[in-house]
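To start, the structure under review is shown below, and the notes come after it.
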Amino acid sequence: MCKAIKIIVKGRVQGVGFRPFIYALSQKFQLHGTVQNNFDGVIILAEGEEGQLEKMVDEIKRNPPKLAKINEINIHQIPRTNYKQFTIIPSRKNGGSIPWIPSDASICENCLEEMNNPSNRRFQYPFINCTQCGPRYTIIERLPYDRPNTTMKEFTMCQDCQVEYEEPSNRRHHAQPICCSVCGPTVMLYNQSGEALAENQTAISQTVDLFKQGKIIAIKGIGGFHLACDAYQEKTVDQLRLRKKRPQKPLAIMVKSLEVARAICHISSKEEKLLTSPEMPIVVLQKKRDGVLPQTISPGLTTIGVMLPYTPLHHLLFKDSKLDCMVMTSANSSGLPIFYKDDQLNYFENICDYILTHNRKIEFPIDDSVVQCDGENTIFVRRARGYAPEPFKTTSNVDQIIALGGNQKNTFSVGKQNHIVMSPHIGDLENEEMIAAFEEQLQHYKAFLKVKDVKLAVDKHPLYTTTSIAKKLNRNIITIQHHHAHHVSCMEDNGLNKPCLGIILDGTGYGEDQHIWGFEFLYGDATSFERLAYLTYTPLPGGEKAVKEPWRNAVGMLLHYWPQEGKELCKKLFPERVKEIDIIEKMIVHRMNTPLAGTCGRLFDAISAILGICSISTYEGEAAIKVSDYMNKIELENTSEMYSYHLNTHNPNQLQLDLSPMIYQIIQDKFQQLSIPKIIQKFHNTLVSSCIQMVLKLVTTRPELNRKVVLSGGSFQNVFLANEIQKGLQKEGFNVYTHRHVPCHDGGLSLGQIIIAAHQVNG
C-alpha cells in the first residue's frame, strides 16, 4: 500500500551531509519526494510503499551521518502528490525553531585517503573536504548554511567540482566548502617583511625545512593563526615563549599520529576516542617520565595538551618529513584575542619568523577545544572548536534572554525559545581588544538567532566588564550572584530542577555581603538559594595584586590568624619580603585595600606560596594548578592522614569552616622538612574530609534537605578533589553530580545565569 509522509528532523542536521544521506535512502527504498533545509531542520516529503517508508525512518534513527545529532523526529501522514522522482530542493529561510549553526569538523578518513592518492585530482590539496568534514562555523556569514552565505562564495566552482556538488549520490553533494586546486583557496608562505616566498606544496615543503632550522612560523588554520615550531628544539620553544609573552603557561603540541602520542604520554581508551573524534580537541594527558620533549613546554607539570592533525594542511606538514611533533599554540600574545584576519599580518613582524597563510577568509575565529578525562567522564577545560556552538535544550523559557557570563574564561549564552546557544570560549575581558572581540561575536549571534536582548543577565560584581557592556546595550539587566550561577549551571548540565545542595569551590566571586566568596555550601535552585556554610574570611592585601602574587595572600592569612606569631612565620617563609610584610601588616590593621575573602582558589594560592611552589603567578590559576599537579606526581599512599580543622557554629543559620589549624600544621611540617608531596596529599585529604563533614552536619541540622549535591567552580578542575568528594558523599548516601557538557569554571557561568534569569523573567 502506497503512502505519503512528512518527516521533520531537528538537531544537528545541516552541514553534515543529511540531505544526500536522505537521497541515498530514497534510492535504496524506491521512494519519491523531496528533501529540503530550513531553519527548523530538514523537511522530508516521501512517498512509497508503507514498509519501505518505515525502513527509511528506521534507518534515519539508527544510522544517521557521523556528524549528525538528531534531537527530534516528527512524522505526519499527508496526501500523496505522486512525485515522479526524489529530489533535493533549495533551502528555505523560514521556520520558527532554533537554527543550528554547524560546527567545524576534522578531516575525514575518505578525504585523507584521497589527499594521499597521487592519482586523485585533489592529491596534496590542503583544502580538501566533503559533507563529513571541513570548515563550517568559521566560514558562515549568515544562515541557512549554503555556499552563497559563506566565505567560500569568493571561489567559483570549476566544472568538476560543480558536477560533484550537484550529483545527489556524490559524497560532496552540497558540501558548501567544496573546492580543488583549480578553483579553491591557495596556501602562501611569507617572510617577516611580507614578501611572498612560495605557494601551495612548495610553500608547505619550505615550511617543513624552516621548522627543522629552528624557525617559528605563524600558520593560519580553520579558526585563526597558530604559532608553531619543532617541539624538540628547546631553544626555539624558549624563544616562542619570549615572543608570545607566555613565560610559564603550558603550550599545546600537535603530534603526527597516535603512535607518536603514545611514545610521549599515557593514553587510555577514552582519551584515544577523544583524540580521534570528529572534534579532535586538545586532550590533557599524563606525560611519560622518560619523555624526550623539553620540560619548558609544560613547566612544572606532569601533564601536556596533545592534539592530532585535524586539517589537511596539518597532515601535509607532517607527511614525508621527519617532523613528528610541533608546538601549536594560538598566535596572539597573552591576553589578546585570536588573530584570524590577513590584514593583521603586520602584527607577526616581531612574534614569528615566517607566515604560512591562505586566502580562505575566516568569518568567525575559534580556539581549539581542551578536554581531559576523569576515568570515563570528559571534563571540558575549554569548549570551542568542534563542540561550539551546539545548542542545549532546556525546560526553561529562555527565549530572548542573553547571559553575558563572567570576566574570566568568558562565554555568553543566547536564549532562543527552549534552547540555549553558548558561544565558544572567548577569554578574559581584560582590555579593549578582548572587549571588542566579545561585542563583535555577540552581535553576530544576535543576528543569527534573531534575538534582540530583551533581557540581559550579568554577574552581580559591579566592576565586571560584562556589567558595563550590559548597560551600554540594554536597561533590562538582571544581576546574578556568581556562585548561584555556578550551582544552577551544574544543575542544568545534569537536567536537575528541584532544589539541591551545591559545593562551589572557586577562585573569586562577588558575595552578597560584598566580600569575596569561593568556598560555598549552597542550597537552592534557579529561583533562589541559601548560603548554608562557607570558609572563614581572611584579608586579601592589595586585592587583585594578591591574586597575582600568592605570597601576599599567604601573608594576609597568617597575619589575620596569628597577628604576633604570624608575622614571624611570614618573615621565616618569605625572608626576601620583610619590608613588604611590614607594609601589608599596616594595610590589614587599617583595612586599606584589603577585601575579605574566603575562597578555595586563594587557599590553594596560599599553600602554594607557603610551600615555595609558586609565589608569583604568571598565568591565571598557576599557583593552584601546580599544587594540584603534585597529586599526579606522587605514588599516592593509601592513607586518610590529614590536618585539623574546625566547623564553627557561632551563627545558627550558617556554618563556618575554619582551616587555620591546617595552615599552621602545614607550616610546621614544612619547617620540619616533611616531603612536599606528603604535605600536599594531607592538604587534599583535609579539604575532602572538611567538605564531606560540612555536608553531613548540614543535613543533620536540616534533615528536610534534598540529598542531591552538585559540584561546581573552577577548583573542581582538580580531578582528585572532585573524585574524592564525590566518592565520599556517595558512600554517605548522596547523589552527586559534576559538569558534563560545559566547564566547571567560569566558562560555564553563562549557562547558570540564563536559567536563573529565565525564572526571574517568567516567575
Item checked: Among I219, I362, T357, the one residue meeting side-chain contact (heavy atoms from CB on, under 4.5 Å) with F225 -> T357
How many angstroms lie between atom [atom1] of [X] and atom [atom2] of [Y], to the nearest 0.5 angstrom?
| X | Y | atom1 | atom2 | value |
| --- | --- | --- | --- | --- |
| N359 | T151 | CG | OG1 | 10.0 Å |
| I222 | F127 | CD1 | CZ | 10.5 Å |
| M56 | L31 | CE | CG | 5.5 Å |
| E164 | H173 | CD | NE2 | 12.5 Å |
| R147 | I178 | CZ | CD1 | 7.5 Å |
| H315 | I204 | NE2 | CD1 | 12.5 Å |

I'd like to know if the side chain of [X] pairs up with that of [Y] as donor and acceptor (distance under 3.5 Å, no hydrogens or angles considered).
| X | Y | answer |
| --- | --- | --- |
| T395 | N497 | no |
| H739 | S712 | yes |
| H358 | D342 | no |

Checklist line | Centroid-centroid under 6.0 Å between Y165 and H174 rings | finding: yes
Next item on the list: Determine whether the aromatic ring centres of Y137 and F364 lie less than 6.0 Å apart.
Entry: yes
For the side chain of [X] and the backbone of [Y], is there at least one donor-acceptor N/O pair under 3.5 Å apart?
| X | Y | value |
| --- | --- | --- |
| R740 | D493 | yes |
| T81 | Y83 | no |
| N117 | F123 | no |
| D104 | R136 | yes |
| Q36 | I88 | no |
| N116 | L112 | yes |
| E167 | S169 | yes |
| T394 | S396 | yes |
| N476 | V454 | yes |
| R385 | E279 | yes |

Which atom names give the shortest non-hydrogen contact between [X] and [Y], and what distance separates them?
| X | Y | result |
| --- | --- | --- |
| I282 | A252 | CD1-CB, 3.7 Å |
| C133 | I107 | CB-CA, 3.7 Å |
| S423 | T411 | OG-CA, 3.5 Å |
| I755 | A526 | CG2-CB, 3.8 Å |
| F18 | I60 | CZ-CG2, 4.0 Å |
| F86 | V35 | CE2-CG1, 3.8 Å |

Using side-chain heavy atoms (C-beta onward) and a distance below 4.5 Å, is [X] in contact with [Y]?
| X | Y | result |
| --- | --- | --- |
| C179 | F155 | no |
| E72 | K393 | yes |
| V710 | H487 | yes |
| C180 | D160 | no |
| V742 | F392 | yes |
| S750 | M422 | yes |
| C161 | R121 | yes |
| M254 | H226 | no |

Margin query: What verdict does the side-chain hydrogen bond (donor to acceptor under 3.5 Å, both in side chains) test give for Q52 and Q30, after you've listed the backbone C-alpha separation in whole Å, the side-chain angles of each residue and the deciding distance to 0.1 Å?
Written below: CA-CA 8 Å; Q52 298 295 79; Q30 298 91 48; 3.1 Å; yes
Checklist line | Pair I366-I338, side-chain contact (heavy atoms from CB on, under 4.5 Å): steps then yes or no | finding: CA-CA 7 Å; I366 197 166; I338 304 167; 5.5 Å; no
Next item on the list: Tell me, yes or no, whether the heavy-atom count around Q159 atom CD, taken from other residues, nucleotides or ligands under 6.0 Å, exceeds 12.
Entry: no
Check: Quick check: are there more than 12 heavy atoms from other residues, nucleotides or ligands sitting under 6.0 Å from NZ of K273?
Finding: no
Note to self: Which residue in the set R62, K55, K61 passes salt bridge (charged side-chain N to carboxylate O under 4.0 Å, His left out) when paired with D58?
What the structure shows: R62
Check: Passes side-chain contact (heavy atoms from CB on, under 4.5 Å), R383 versus H425? Steps please.
Finding: CA-CA 6 Å; R383 186 176 176 273; H425 167 87; over 6 Å; no
Salt bridge [X]-[Y], side-chain N to carboxylate O under 4.0 Å:
| X | Y | value |
| --- | --- | --- |
| K66 | E109 | no |
| K69 | E390 | yes |
| E114 | R172 | yes |

Note to self: side-chain contact (heavy atoms from CB on, under 4.5 Å) for C744 and T738? Distances and angles first, verdict last.
What the structure shows: CA-CA 8 Å; C744 61; T738 58; over 6 Å; no
Item checked: Worked check of side-chain hydrogen bond (donor to acceptor under 3.5 Å, both in side chains) between D525 and H759 -> CA-CA 10 Å; D525 56 15; H759 282 261; over 6 Å; no
Check: With E166, which residues qualify under side chain to side chain donor-acceptor pair (under 3.5 Å), at least two apart?
Finding: Q162
Margin query: For a side-chain contact (heavy atoms from CB on, under 4.5 Å) check, start with the C-alpha distance between K6 and I43, then their side-chain angles and the critical distance, and finish with the verdict.
Written below: CA-CA 7 Å; K6 179 179 183 179; I43 301 172; 3.8 Å; yes
